[in-house]
**Q** 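Before anything else, here's the structure in question.
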Number of protein chains: 2
Amino acid sequence: MAAANDQQDIKREKILEASHQRFLHYGYSKTTMNEIAGDLSMSKALLYYYFPDKSQLYIAVMRKLAADYLKTLESRLDSFTNLKEAFTFQVNTHHEFIVNNYNFFDFFRLNEQNLPETIWQIVGEVHSAELNLLSNAIKIEVDKGAIKPVNNPEEIVDVLMDALHGIRVGAISQKKTNFPRKEHLEEIHTKKLLLLDIFIKGLMA
Amino acid sequence: MAAANDQQDIKREKILEASHQRFLHYGYSKTTMNEIAGDLSMSKALLYYYFPDKSQLYIAVMRKLAADYLKTLESRLDSFTNLKEAFTFQVNTHHEFIVNNYNFFDFFRLNEQNLPETIWQIVGEVHSAELNLLSNAIKIEVDKGAIKPVNNPEEIVDVLMDALHGIRVGAISQKKTNFPRKEHLEEIHTKKLLLLDIFIKGLMA
DNA sequence: TCCTGACTTTTTTAACAAAACTATCAAAAA
DNA sequence: TTTTTGATAGTTTTGTTAAAAAAGTCAGGA
């Protein structure tokens with residue numbers, strides 16, 4: 001039983017990896033179940049044995065990416081020495097995450113509206129996990145007496161995250177494309193760090 | 001000659017007003033030239049006598065709105081007493097502008113990409129005018145010695161404006177609609193003021 | 001329990017006709 | 001000469017249908 005499940009888990013993992021590669025290079029709609037099956041030298045039917053449908057497969061990949069991302073954040077955010085370091089780490093990690101999985105997200109780009117409910121659930125989970133980690137960072141700094149008391153850390157972090165997100169979007173509307181091109185990502189990253197710098201100073205003031 | 005042109009200008013103005021109302025209530029694609037003509041009890045052909053085509057008509061309306069908006073900003077931004085007041089005025093004016101012309105902009109919502117070049121030109125002009133006014137406000141404060149010297153005011157304002165814009169967008173992705181609903185506008189406004197507060201403190205630190 | 005080939009169902013694409021709308025123009029009205 | 005219009009030409013959107021492609025199912029084999 002356990003052995004069988006191990007085998008299953010390994011195969012599931014293989015499928016997730018192959019799917020990730022396909023989705024990463026070709027996006028959701030330009031990836032077919034036949035192609036994924038082909039990459040793994042298995043029949044398409046087998047994919048449906050492991051995953052109920054294509055969107056669930058995509059979501060499973062996404063869930064894994066999100067979990068990895070959050071693990072990276074968590075591993076580090078409970079051991080920072082000051083607030084700026086913590087937030088900078090978040091911005092850098094997020095930047096790296098986007099760069100590495102850039103094409104994966106064209107599902108969002110193309111399908112912008114009417115996405116499956118589950119996707120928004122994952123996005124929401126990631127968002128609130130980030131919000132939690134960062135507002136905790138603020139609380140710790142307040143306890144240490146490093147910054148003056150804040151009555152609602154979650155609200156502050158929420159605003160900051162929206163603002164950071166805005167930097168991304170801002171670079172877009174000027175460039176007339178509704179998603180940042182890879183070339184712009186570095187520029188966006190720099191701007192985010194600038195915003196962060198001012199914002200942190202504002203918190204400490 | 002002058003009289004004839006006056007008459008023309010008056011009629012042009014009437015057309016712009018009627019068009020504004022239509023675009024405001026029904027958006028670009030759901031407004032037909034026949035309807036505008038009907039509102040003014042004139043033939044559709046006459047519209048084409050005054051404006052070369054539909055998009056030029058829309059753009060003319062937009063240009064007028066933009067001019068009014070900028071005039072409001074300018075009238076006040078050269079006589080503020082401190083930086084926060086200046087920026088708050090910008091945020092409030094912008095908010096009012098969006099609220100008043102909310103539906104007008106569904107041209108952007110629907111047509112998000114492939115908009116006529118001229119529209120981006122106007123958006124760009126408004127943006128750089130705002131950027132100018134606000135970075136000037138910073139320079140004045142620096143000269144007054146109210147805040148510490150800033151090596152690149154334009155860059156700062158640019159980041160702030162992107163961040164403020166991000167507040168708007170942020171409220172969206174959570175709500176699953178790609179443009180803020182009217183109900184959210186107040187919430188967005190409040191968040192913007194909070195961001196502004198922290199940001200300004202950060203500048204003064 | 002894991003896996004497949006053959007099959008069914010659903011979605012996408014392409015072609016095309018009908019309808020709606022934009023845009024033009026010759027000629028009337030002012 | 002300038003302003004206005006009805007009629008109409010041209011273009012885009014919408015709706016329809018058939019073929020192709022992809023998603024998804026299933027009986028049966030290892």
**Q** Could A:Arg168 and B:Asp162 be called an ion pair, given the rule that one side-chain N must be under 4.0 Å from one carboxylate O?
**A** no
**Q** Taking the minimum atom-to-atom distance to the side chain of B:Asp53, which one of D:dG6, D:dG24, C:dA23 wins?
**A** C:dA23
**Q** Does D:dT3 have OP1 or OP2 under 4.0 Å away from a side-chain N or O of B:Gln8?
**A** yes
**Q** Could you tell me the separation between the CG atom of A:Asn34 and the P atom of D:dG24, rounded to a whole number of Å?
**A** 12 Å
**Q** Pick base, sugar-phosphate or nothing for B:Thr32, based on heavy-atom distances below 4.0 Å to the nucleic acid.
**A** sugar-phosphate
**Q** Closer than 4.0 Å, any side-chain N/O of B:Tyr49 to the OP1 or OP2 of D:dT4?
**A** no
**Q** Between C:dA23, C:dT4, D:dT3, which one does the side chain of B:Tyr48 approach most closely?
**A** C:dA23
**Q** Nearest whole angstrom, please: distance from the P of C:dC21 to the CZ of B:Arg22.
**A** 12 Å
**Q** Between C:dC3, D:dG6, D:dT2, spot the one nearest the side chain of A:Tyr50, thanks.
**A** C:dC3
**Q** Could you give the CG-to-C1' distance, from A:Leu40 to C:dC2, as a whole number of Å?
**A** 15 Å
**Q** What contact category does A:Ser55 fall into here, base, sugar-phosphate, or nothing, at under 4.0 angstrom with non-hydrogen atoms?
**A** nothing
**Q** Do other residues, nucleotides or ligands put more than 12 heavy atoms under 6.0 Å from B:Lys30 NZ?
**A** no
**Q** Starting at atom CD of B:Gln56, determine the distance to atom P of C:dA23, rounded to an integer number of angstrom.
**A** 10 Å
**Q** Of the listed nucleotides (C:dT22, C:dG5, D:dA23), which one gets closest to any side-chain atom of A:Met33?
**A** D:dA23
**Q** What is the distance from CE of B:Met42 to P of D:dG6, rounded to the nearest Å?
**A** 13 Å
**Q** The side chain of A:Ser43 is closest to which nucleotide in this list: C:dG5, D:dG24, C:dA23?
**A** C:dG5
**Q** Which residue, A:Ala45 or A:Lys30, contacts DNA chain C at a nucleotide closer to its 5' end, judged by nearest heavy atom?
**A** A:Ala45
**Q** I'd like to know whether OH of A:Tyr50 has more than 12 heavy-atom contacts from other residues, nucleotides or ligands below 6.0 angstrom.
**A** yes
**Q** Around atom NZ of A:Lys14, are there more than 12 heavy atoms from other residues, nucleotides or ligands closer than 6.0 Å?
**A** no
**Q** Without decimals, in angstroms, what is the distance between A:Lys54 NZ and C:dT9 C1'?
**A** 16 Å
**Q** For the side chain of B:Leu46, starting at C-beta, report the closest nucleotide among D:dG6, C:dT22, D:dT3.
**A** D:dT3
**Q** For B:Tyr58 and C:dT22, what is the distance between atoms OH and C1' respectively, to the nearest whole Å?
**A** 18 Å
**Q** Are A:Phe87 and A:Leu160 close enough, and set up right, to give a side-chain contact (heavy atoms from CB on, under 4.5 Å), and what steps lead you there?
**A** CA-CA 10 Å; A:Phe87 280 72; A:Leu160 174 60; 3.0 Å; yes
**Q** So which one's nearest nucleotide on DNA chain D is more toward 5', B:Lys11 or B:Lys44?
**A** B:Lys11
**Q** Rounded off to whole Å, could you give me the NZ-to-C1' distance for the A:Lys14 and C:dC3 pair?
**A** 18 Å
